[in-house]
Every structure is written in C-alpha cells, then in structure tokens.
Q: 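Pasting a structure here, questions to come.
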Amino acid sequence: MSSSNLLLVLLMLTAGGYFLGRRRAFVLAGTSGRGQQTLHSRPTYYGALAALWCALPALTVFSFWRFFESSVVTQMVIAGLPPDIQNLPADRLSLIINDIRNIVSANIVPQEINPAIQAAADHYTRLTAISHATLAVLVTTIAIAGLLWVQKIISPGLRARNHVETVVKFLLIACSTIAIFTTIGIVLSVLYEAIRFFKIVPLHEFVFGLDWSPQMAIRADQVGSSGAFGAIPVFMGTLLISAIAMCVAVPIGLMSAIYLSEYANKKFRAVAKPLMEILAGIPTVVYGFFAALVVAPLIRNAGMSLGLDVSSESALAAGLVMGIMIIPFVSSLSDDVINAVPQSLRDGALGLGSTHSETIRLVVLPAALPGIVGGVLLAVSRAIGETMIVVMAAGLAANLTMNPLNTVTTVTVQIVTLLVGDQEFDSPKTLAAFALGLMLFLITLILNVIALVVVRKYREQYE
Amino acid sequence: MNKYSRNDATGKNTLAGKNHTSTKAAAASTMDIVNQGLSRRYNAEKRFRLYGITAIILSMVFLAMLFISIIGNGYTAFQQTFVKLDIFLDPDTIDAQSLKDANYQGMVKQSLRDMFPEVKTRRDKRRLYAMISSGAAFQLQDFVRKNQQEIGSVIQLWVPADDDVDMLIKGHIPRDVPEIERRIKDNQLAWIDRLQDQGRIEKRFNTTFFTAGDSREPELAGILGAVSGSFYTLIVTLMLSFPVGVATAVYLEEFAPKNRWTDIIEVNINNLAAVPSIVYGLLGLAVFLNFFGLPRSVPLVGGFVLTLMTLPTIIIASRAALKSVPPSIREAALGVGASKTQMVVHHVLPLALPGMLTGTIIGMAQALGETAPLLMIGMVAFIVDIPGGFTDPSTVLPVQIFLWADSPERAFLERTSAAIMVLLAFLVTMNAVAVFLRKKFERRW
Amino acid sequence: MKKVLIASLALIFTMGLGSGWAASRDYISIVGSSTVYPFATVVAENFGKTTGFKTPTIESTGSGGGHKLFGAGVGVEYPDITNSSRRIKKSEFEKAVANGVKEIVEVKIGYDGIVIANSKKAPLFKLSRKDIFLALAKDVPSGNVAGKTVPNPNKTWKDVNPALPDVKIEVLGPPPTSGTRDAFVELAMEGGAKKFGWIKDLKKKDKSAYKALCHTIREDGAYIEAGENDNLIVQKLDANKDALGIFGFSFLDQNSDKLQGALIDGIAPEFDAIADGSYPVSRPLFFYVKKAHVGSIPGIKEYLAEFTSEKAWGDDGYLTDKGLIPMPAAERKKFRQAVENLIPLSASDL
C-alpha cells in the first residue's frame, strides 16, 4: 500500500491504542476498592503510553526503511543488469539509472527503450512493490505488537505518567535540535560551496583583489569576462552605504529615544511609539521602491542644480533610505537601555543642580553607553545584510570609491545578481555568491558576538 | 533647627563670624559664576530638547513622505477606464457548437471600425485597435457563453481600455508634449475625445486588480495570485514554526539544565535572529532545491525557508513570555503535587500563551514582508494561474511588487503602489492585532 | 550521547518522510532568453486563457542559461522549452544529447534588431560598427601597426570618433548568459573589428585569437553588465541621460516615447529597415522544444500551435504589436510544418 495510506492506518492504530489503553486502565481500577485512586497515574496517561508505544517504534522503522529503500533497490537492480551495461562508465550508468527511475515513476523518457532497460525497470518496480508490502506488514505488526505489549503491562502500579513525560521531554529536545540544525545547516551548506569556490579562486585573491568582474563565459567557445573575483570593491560598497545609513540612523534614533524616554509626556509617547513601530514594520521592498522612485531622482535633481555630478543610483540615495529603515531599530534598543538606568542616578545628578540635558549627557548616556553601543553594532549588522533596498536603488558596477554621489554595488546585490536564474553549482560564478554569503554571515556573526560581549561585560555595573 | 543648621534661632548665620567677609565674597562670586553660566545652560537645555523633537519629527516626516508618495501614486489604480462598445454578434462567425473558436478579437475590431469609419490606413487602424485592451475579446467570449440567445443582435458591452488610454484619462500622460514623446498619438487623442463626448468612457472600480493573477497587460493584471501564494506560504510557515518554536522555548526555559551547552544554544539562537535573510535564501537553495530536489517556486519550499527565519523570533518571544510567569505559580503547582511536565503544560503555558501569540504574529508579519530569500528559490517566474495548493507554482506579494517595479509601463507604476498599499494594510492590521492582544492580556504580577 | 541519538533520529525521521518526492508536473516550464520573454509571456497568457490548460511558467534566465538548464536532461524536473535569441551552438547541442536530450525541435519565431539606445532627452548618436568596437573592446589596435594592441584607452565617445559627443562612455549591456550579448559581439563588435585589415586576415590565421580580440568586452567600468532584466536597463536609461543601453528592438519599440535608437552605419533601427535586412545588427529569435516531453506534459502541442498561428506571429499578429519582426510567409509555413510534425534538429544543421 502507498505510504500515505500506511501512515493513515498507523494513525488509526495509534488512536485505537489510546482508547484501548485508557479503557484497560479504567477496567483495572474500577473493580477494586478505591476506584481510580489505585492507579498511579490518571487513566489518560495509560492511553497515551499505549499510543506512544504503538506509534513511535513503527514510525522509526518506517523512516529508516524509506530512507534506505531507494539506494538498496537501485543496487539490486544494477546487479541484475546485463554485464555490458554494468561496466559502463559512471556517468553513462547514472543516465541509465535515471531512465529506469523515470520509467518506473511514469516520468518522461527518451523514445527508444532498450529491452534490457525495460526489463530492469520492471525488476525495479517489482522490487519496490515487494519492499512496500514488506514494510506495510512490518510496520503494522510492530504497531500491533507494541499495543498488545502495553495492554499486558498495564497495571495499577505502572508509572505511566513518568514514562509519558520522559517521551514528551525527548520530543521537546528533538524540536530544539532543529534550531541547532538550522545554524549547522547554514554554516555547512554555505561553507561547503564556498570551499569549492576557494579551490578555484584562491582566498587571498578573493579577499584582497581589486577587480570584480564575475560574469565569466558559460560555454567553452564563448568569450566572457576574465572572471576576476577580487571582492574589495564590493566590500567597500557595502561599507560606504552602511556608513551613510548609520550617519542617518544613529543621531536620529538616539535623540528620538532620549526624547521619548526622558522628556515626552504620556500622550506624546502613546502616539509616537506606535508610529515608530509602523516604520519598523514596513517591508524592505517598499523602502527599495521608495528609494528608486522618489529619493534617487530627488537627490539627482538636487545635485544637478548644485552643479555636482550625481549618478542616478547614488550610494547616498540607498544609504539614506536604509538609514530611515534602521531608525526604529536604534530607537527601540536605545529606549530599553536608557529606561534601564536606575532613577537614583538621575535624581543624584538633578539634586546636584544639573539641568535635564546635562543629566542625560553626563550621567545617563555614559551609564547606558554599553547597551547603546551594542544596539548600534546590531544595527550595523542589519545594514550590512540588507538586500532589497540596495537591489532596487544601488547599482551593479563594482566601483572602488568613497564618494557617496557615485554608484557602488554591495555584497547582497552581487549575491542576488549571480544567483537569480542560474542553478548550476559548478561554475565559479555561482560559487562566488556562496563565498560572498559566507563572508556576510561571518561578519554579522562577529558583530553580534561583540555586541553581546560588550553588553554583558559592562552591564553588570548597575545590577 | 537641628545641630547641623548654620543659622541660630534668630535665623542669623552663626558661622559668619570667622572669615565672614571672605566666605561671603567667595560665596558671592561662586553664585555669580553659577548665575552667569545659568542662561547658557538653560539654552543648551532648550537646544537639546529641540534636537530630540527634531529627531522625532524627522522620522515622522520620512514616514509621511513614504506614505504620501505611495498612496499618491497608487490610489488611482483602484479605478479602471472602461469603454462602451456596440458589438454585432455575427451569427456567421460564431458557431454555436464551438463558441471557443470564434474570432472575438475580430468582432471587437469590427465594432471599432464601425464607430470610426473614416479610419483607413493599416497604421491608423492598428492605432485604433490599440486603444482597447486585449482582454476585451475574452470578456466578449464570456458574455457570449452566458448569453447565447444574443447571437445575431447588437450588444453593448463595457470593455477595459488599454493601459495607455487609462493613463491618459487619469491624467498621468500630459497632452502638451510633442507627439513623438507621447505614447498616445494625436489621432488617438481625437478619437478618445470623441468617445468621451459620446459618453462612452467611464471609470469604474477596478475589480480585476483583486480577482486576476499576473499579466503582461497592466489593465488585466491583479494580485490574487500573489496573495494566494502568500497565504499558502504563511500557513506552511505558521504550522511549522509555531509548534517547533514553542517546544524549543519550553525546553530551553523549563527543562534544560543551566550549563555551557544551553548558553551556547542561547547565543546561537540570538545570532540566528540577526542573520541576514539572504543567507537563509542561500541555505534554501543549497539544501532544499539542490540536495532534496524539491520543486522551485512553490509555497511549500518558501514556507520551509521562512520557517527557519521566523523560528528564532518566536523562540525569543516565547522565552520572554515564559520568563515573565512568576515563580510563585510554578511553586504552587509543584506544591499541590503536579509533576514538572504537568506544571508546565497546565499552568505556565496557558499563562504565557498571549505573549507567545504576540511574538508569533510579529514573526508572521516579518515573514509576510520578506522578499530576498524567496528570490533565491525561484519565485521570480512569470506565473499567471492562481495557485490552488501548496505545490502549485506561485509567487508572493512582496516578490510580485519587486517584479512589477521593474516594468516600464506607467500603469504598472500605479499598480505596484496599489499592491504596496494592500501589503501595508495587511501588515499594519497584523501588528495592530498583536499590540492589542499584548495590551489586553498583559498581566502585572 | 542520548541527545545526539535523539537528534539523529529526528533528522532521519524527517528525511525519511521527505524522500520519494512525487514527480509530476501538469504545467509547461519554459526558461531562456530575456529578449524572447515578452513574446513568450504574451503567447503563454493567451494560451492559458483560450485553452483549458494551465498557463506555462516562464523564467528569464538568458539564452545561455536557458540552454544549460534545458540540456541538463529529460524529466519533469527539467524545463520543456527554452527561448533563445540566438541559434543553439554545436557545443550546447552535443552536451544536451550527451545528457539524454536526444530530440530537439527548433522553431524560429521571427527577427529582432539589437539597438543601442539612449534617452530622448540626450542627443542622438550616429555610430558606425567600427566606433562600437573601439569604444567597447578590451584591447584595441594601436596606431595602424598590424598585430599590436593596447588596452582600450578611450574614455569618452569623442576619443573614439571626433564627430561624436564629448560624453563619458557608459554602456549598459547584457551578461554572457544572454543571447543578445552573443549576437551583439558577433554582429556589431566583430563587424567593426573587421574594418581593420589585419584583424580580418587574423581570422584565417588564428581563429581563437581573432575571436578573443573581437569578442572581449572591456571590464574597466565603461561597460556595465545589467543582468537579464532588459526592463531595468530601460529604466536606468530614463534616469541617466549619458548612458547607452544594448537590448532588443522590441524594448525600444515599446518605449519609443522615452528612448531613441542610435543610427548604426547610417541606418536607423526601424521596423522596415530590420525586416529587409538593411539594419546591420539584426538576428533571428528561436525557441527549442524537447520532443520527449510532448505528450507527457499536457498542452505542449497546443502551445506550439498557438505560437505558430497566424494571429500570433503573422504580419498583423499580436506579437508584431509587441515589436517582433515577422518572418516572410514562406519561412513561417516551413516552421509551422516542422512544429506539426515535430521534426528534430540534427547535428549537421548547426
């Protein structure tokens, strides 16, 4: 039977097991003196135990079997092929196997089919059918066996609840490991492809090279770019735009946080804070659209009227809008930190006769400084990793310049340009995107760790 | 009067005897110095306050600029220009057996020729036909299918105008530029004016925008495909990330022993929350598409990638919610004999649930607006059909906005802005619901 | 140890459930050229609306990228049709055959000109192919000494040809995945390079050196590769008056209110000039179909019929409205027959 039917049968057995186990517990309890109080756990736990013993071993066997099924069957089918096909070189053999698999799954196949291959395909189908049937029988048997075994061991003294709780705990651990796997998955996948890249292009050329023209020829007889992968212009572009963004976001964010937490009255805060949160919730693609449509032409026209040579995709436009996006980030982080400064410090300063602004400048801000620095670092890492605004508003040409009126490209734009539409994982072009992704990940990781360390280390002064 | 007071019962300064003059002089000069600096310091105070207010006002101005430019560009998209045509349903060309094959485009063109019989040259005729959308033929086909009894008579049908005519009627194409720089030629202008005088041009609510999928023709393009795609993707994300996120938070907060490992895991999760979204896209590309071989452009894979992205947000919010439940509740439960699991599931979890829900809603709102990771997994194809399930190819609303933003037609500009308005409406609603829930269920222990 | 065990169990569990992914697709999957993309999308939309089949999904990957994906194998996970703004190369064909894609049907859909355009607000450029070569090549001949080249020193158009405006050379063009790029370097750059006698002789002596000289485009920032999104180039030209863009005629035609095409060798890029061949930079557009997929993926034959119908690619068809230059009637008939009988391409045709 098909696997979904099998899973359905398993589900029904599990449900049945639950009810049977529970009923057995009631039965065992009801006859003797104190009724349910003789049972160690509530009856529902006995049912749950039965259900778990029915489902879990069966599911484990099912997964293992399915995981290894296709490779085992393929090996057996290859062994059954005529010897001349078996001895073909590896890539031809894999083509043949592909054909066999396609025939089996009623996929598209090339027209003429070798009778030996057709026979092999039939063999494959037969083997798969046998495997599925065996699996079905095995799984059902294990499920029923588990059920019956639990029925047998159910007794008033059985500590069903403890067993069930242990299983629940393991399930929770399994869920937690998914979060860990995500990190490992990111690191491994990006690292693996990046290492393949660094075998083709040496690391020092990537990190220190000044020439970025990655659009290499994709065919042997084509002439493309020279395939220079020096990433410094790209990093400089990211740096420039992030610097502009921080110049906008930090003063405005910090000052608005200070005003909101120190000076504003309740009504003002009740209006301003939600508005800031709206600013934070706007998707970055909208910011990108706004930057490309409104801000860039505005800056260009302003620059032209002043006689400056402004590119239509200036770093200034992208940096400005990115700064606007980060303002609520800086503001809310600073707000939390400033509020955490004990009131006694402020009172002491005020008591000595300082004005409110002097208190803030000389007492509160230095006290909150580690937190603010941590927040700013997090904002920087956000700016570095931002994609959509720069894809829509920044340029594609790798330009090594510090002039904000020129056009530059960033790491994220290059990743998108190199990967959209291309699926081949062998060319240096695609792998270069992974190498850039690795750099991005490492830099944001380092920034976050520094932020965390700074905050943790200096925060304890006021606990 | 205590012993520390300088003044005696009469209020005179008792210590003023010794060094009286110098202290008084010194005190006077200190006070003078202080008084002189006072106005400067008050001014500094006022300036500081001003900076603060300026900062907030600047942020509000930016927000206002954003909204005004988007809404200003987009509100006209909710109306579409329609033209009333008199179409003769020629019984010779329509075969009742195969309604599909009749030349509806030809009938529309004939109707235009009948209205403007003076148009002769091929070039002018093409300009005439270009004023009506190509979707008119399909609309006519639908009409005939539903009203087969009308075959043989002349019907009046309101059909959508071409996007250039639409832009002209809405005033986006200036009439005073030289003809070469205009998309609407002079003779087309004359015809449009005539149609308007005859009362055959009308602006109606643009239902196509909400009921159609993507299209190459702006007047036929709509966001339903993208909205359905977003919907399916979000459902996959919610169903995967909420249970796993809550389970992880519960384990880490309640059951995990407090040792180095859990410390590392906590740092790990905080870092994941700050990883740029495009790296998740790379992960999705390398693992889901390349290794597992899942199909491109389907909400299922998009949901997987977005789950990985929102997990850290949900975990962090859930942990904060669990931490806020006071220890007294936990100890009380343990005191009446509950086991640890029972305590968590029956007592702590229900109390922490509002906080967890708030975090989840905020995470979902972030996932709704994400574009970069979905670009990597292929959702940039031209897909017209409305997806019917989780494995149908589709795109999501932010990606649709991104794709439309590249199109040069003026009509797509206003539709992109309108789509942004729809997206923002969804997001503001979700955030408002989250804030409302947080306020309503907030309990001060 | 126990936790590691549970973790690995969890992993295998999820992978076990995930393997054996069903292979089935009931919509046509098309990849390829960004120049053919506007035409293919219109046909696909019409096809979807008039027949009961699902609308094909179309990705714009560039002709080269499209051929790579198309030729990777036979099966539902590979695309059915690839659009191409140049003919398939012999190496691509052989690679496809080696991967099991043995029968490919070639369909020419019409002609397209490659234009160099800029914003209407800037002065009109009158270029010759020699100017284009001298402006964009990586190495240009030095003086008139045969065989000697220097890295391209020209910074402004005036350096290339004193009759041209004194404007910085800034050209937005397609990357190597694009068929437009291939056609451009072959027709415009090579055409201009051949005006130098010694380069023309080099073709017979050392073909690969000749190709390297003619086809390599400069990388010092004057030529910017703008991705497979020609619409983006159009937008950037509107914002930047000094830049020029290289793309297909259809994009110029659809945006004629904002852009103007430069004259090449004295001929303006207009419909009739391209149709009768007098405009020197024009090429045919194609798409390629896997015969093995016809019948397994529903609707391919009907899509082909729609594309090759007179109302689509005829002289008055809707594709012509979009800027496609139709083939002569005899050629149309020939390709319609090839489509109806699904006559595959053979290596000797290339």
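Computation of the quantities below employed the complete heavy-atom set of this structure, encompassing side-chain atoms and omitting hydrogens, waters and symmetry-equivalent molecules. Every chain is numbered from 1, with letters handed out A, B, ... down the list of sequences.
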Q: Tell me which of these, A:Leu447, A:Val416, A:Val168, has more heavy-atom pairs under 4.5 Å with chain B than the rest.
A: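 Counting heavy-atom pairs under 4.5 Å, the top option is A:Val416.
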
Q: For residues B:Ile269 and B:Pro312, report the shortest heavy-atom separation together with the two atoms involved.
A: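 That closest heavy-atom pairing would be O-CB, 3.8 Å.
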
Q: What residue in B:Leu66, B:Leu427, B:Val279 has the most heavy-atom pairs under 4.5 Å with chain A?
A: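 The candidate making the most pairs under 4.5 Å is B:Leu66.
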
Q: Taking all heavy atoms of A:Asp335 and all of A:Ser261, pick out the closest pair and write down the distance.
A: OD1-CB, 3.3 Å

Q: Tell me, out of A:Val190, A:Leu438, A:Ile415, who's got the most heavy-atom pairs with chain B below 4.5 Å.
A: A:Ile415

Q: Check whether B:Leu272 gets within reach of chain A through its side chain, its backbone, both or neither, counting any heavy atom under 4.5 Å.
A: side chain

Q: Using non-hydrogen atoms only, which part of A:Ile327 is less than 4.5 Å away from chain B: side chain, backbone, both, or neither?
A: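 Side chain only.
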
Q: So for B:Phe255, is it side chain, backbone, both, or neither that comes closer than 4.5 Å to the heavy atoms of chain A?
A: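 For B:Phe255, the side chain is the part near chain A, not the backbone.
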
Q: With a 4.5 Å limit on heavy-atom distance, are the side chains of A:Thr412 and A:Val391 in contact?
A: no

Q: So for A:Leu279, is it side chain, backbone, both, or neither that comes closer than 4.5 Å to the heavy atoms of chain B?
A: both

Q: Where on B:Val435 is there a heavy atom nearer than 4.5 Å to chain A: the side chain, the backbone, both, or neither?
A: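 Side chain only.
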
Q: What part of B:Glu370 is in contact with chain A, defined as an atom under 4.5 angstrom from a non-hydrogen atom: side chain, backbone, both or neither?
A: neither

Q: Tell me, side chain or backbone of A:Leu254 under 4.5 Å from chain B's heavy atoms, or both, or neither?
A: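 For A:Leu254, no heavy atom lies under 4.5 Å from chain B.
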
Q: Grab the two heavy atoms, one from A:Met325 and one from A:Ile389, that are nearest each other, plus how far apart they are.
A: SD-CD1, 3.8 Å

Q: Against chain A, label B:Ala372 side chain, backbone, both or neither, depending on which of its atoms sit under 4.5 Å from a heavy atom there.
A: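 Both backbone and side chain.
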
Q: Could you look at B:Ile53 and say if it's the side chain, the backbone, both or neither that has a heavy atom under 4.5 Å from chain A?
A: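 For B:Ile53, heavy atoms of backbone and side chain both lie under 4.5 Å from chain A.
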
Q: For a quick test of reading the model, state the closest non-hydrogen atom pair linking B:Leu289 to B:Ile377 and the distance between them.
A: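 That would be CD1-CA, 3.8 Å.
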
Q: Check each atom of A:Thr387 against the heavy atoms of chain B and say whether the ones under 4.5 Å are side chain, backbone, both or neither.
A: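 Answer is side chain: those atoms of A:Thr387 sit under 4.5 Å from chain B.
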
Q: So, B:Glu45 versus A:His356: side-chain donor-acceptor pair below 3.5 Å or not?
A: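 B:Glu45 vs A:His356: no donor-acceptor pair found between side chains.
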
Q: Identify which part of B:Phe426 has an atom lying under 4.5 Å from any heavy atom of chain A, answering side chain, backbone, both or neither.
A: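 Looking at B:Phe426, nothing touches chain A.
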
Q: So do B:Leu413 and A:Leu293 actually touch side chain to side chain, heavy atoms under 4.5 Å?
A: yes

Q: Let me know if B:Ile70 has heavy atoms under 4.5 Å from chain A in its side chain, its backbone, both or neither.
A: side chain

Q: Using non-hydrogen atoms only, which part of B:Leu424 is less than 4.5 Å away from chain A: side chain, backbone, both, or neither?
A: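 Looking at B:Leu424, just its side chain touches chain A.
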
Q: With respect to chain B, which residue among A:Ile282, A:Val449, A:Val295, A:Leu378 yields the maximal number of heavy-atom pairs within a distance under 4.5 Å?
A: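 Among A:Ile282, A:Val449, A:Val295, A:Leu378, the one with the most close pairs to chain B is A:Ile282.
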
Q: Main chain of A:Thr238, side chain of A:Thr410: is a donor-acceptor contact present, judged purely on distance under 3.5 Å?
A: no

Q: Pick one of side chain, backbone, both or neither for B:Met65, based on which atoms fall under 4.5 Å of a heavy atom in chain A.
A: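 Contact with chain A: backbone and side chain both.
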
Q: Given a strict heavy-atom distance threshold of 4.5 Å, which part of A:Val294 is in contact with chain B: side chain, backbone, both, or neither?
A: side chain

Q: Hey, does A:Ser334 have a side-chain heavy atom less than 4.5 Å from the side chain of A:Ser256?
A: no

Q: Determine the minimum heavy-atom distance between A:Ile384 and A:Ser242, stating which atoms define it.
A: CG1-OG, 3.8 Å

Q: Between B:Lys340 and B:Glu254, does at least one N-O distance fall below 4.0 Å, as a salt bridge requires?
A: no

Q: With only heavy atoms counted, which part of B:Leu58 is less than 4.5 Å from chain A, the side chain, the backbone, both or neither?
A: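 Looking at B:Leu58, just its side chain touches chain A.
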
Q: To the nearest 0.5 Å, how far apart are CZ in B:Phe288 and CG in B:Leu283?
A: 6.0 Å

Q: So which part of B:Val244 gets closer than 4.5 Å to some heavy atom of chain A, the side chain, the backbone, both or neither?
A: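 It is both, since atoms from each part get that close.
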
Q: Is A:Tyr192 close to chain B through its backbone or its side chain, or both, or neither, when contacts mean heavy atoms under 4.5 Å?
A: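 A:Tyr192 has no heavy atom closer than 4.5 Å to chain B.
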
Q: Which of the residues B:Gly369, B:Ala55, B:Ala249 is involved in the greatest number of heavy-atom pairs with chain A at under 4.5 angstrom?
A: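 Heavy-atom pairs under 4.5 Å are most numerous for B:Ala55.
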
Q: What residue, out of A:Glu358, A:Met392, A:Arg382, has the most heavy-atom pairs lying under 4.5 Å from chain B?
A: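 Option with the greatest count: A:Glu358.
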
Q: Validate the cation-pi geometry between B:Arg49 and A:Tyr259: distance from NZ or CZ to the six-membered ring centre under 6.0 Å, angle to the ring axis within 45°.
A: no

Q: Measure A:Glu262 against the heavy atoms of chain B and call it side chain, backbone, both or neither at under 4.5 Å.
A: neither

Q: Of B:Asn270, B:Ile315, B:Leu252, B:Thr248, which meets side-chain contact (heavy atoms from CB on, under 4.5 Å) against B:Ile265?
A: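 Of B:Asn270, B:Ile315, B:Leu252, B:Thr248, side-chain contact (heavy atoms from CB on, under 4.5 Å) with B:Ile265 is met by B:Leu252 alone.
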
Q: With a 4.5 angstrom heavy-atom cut-off, could you sort out which part of B:Ser339 is near chain A: side chain, backbone, both or neither?
A: both

Q: Backbone N or O of B:Leu397 within a donor-acceptor pair of the B:Ser230 side chain at under 3.5 Å?
A: yes

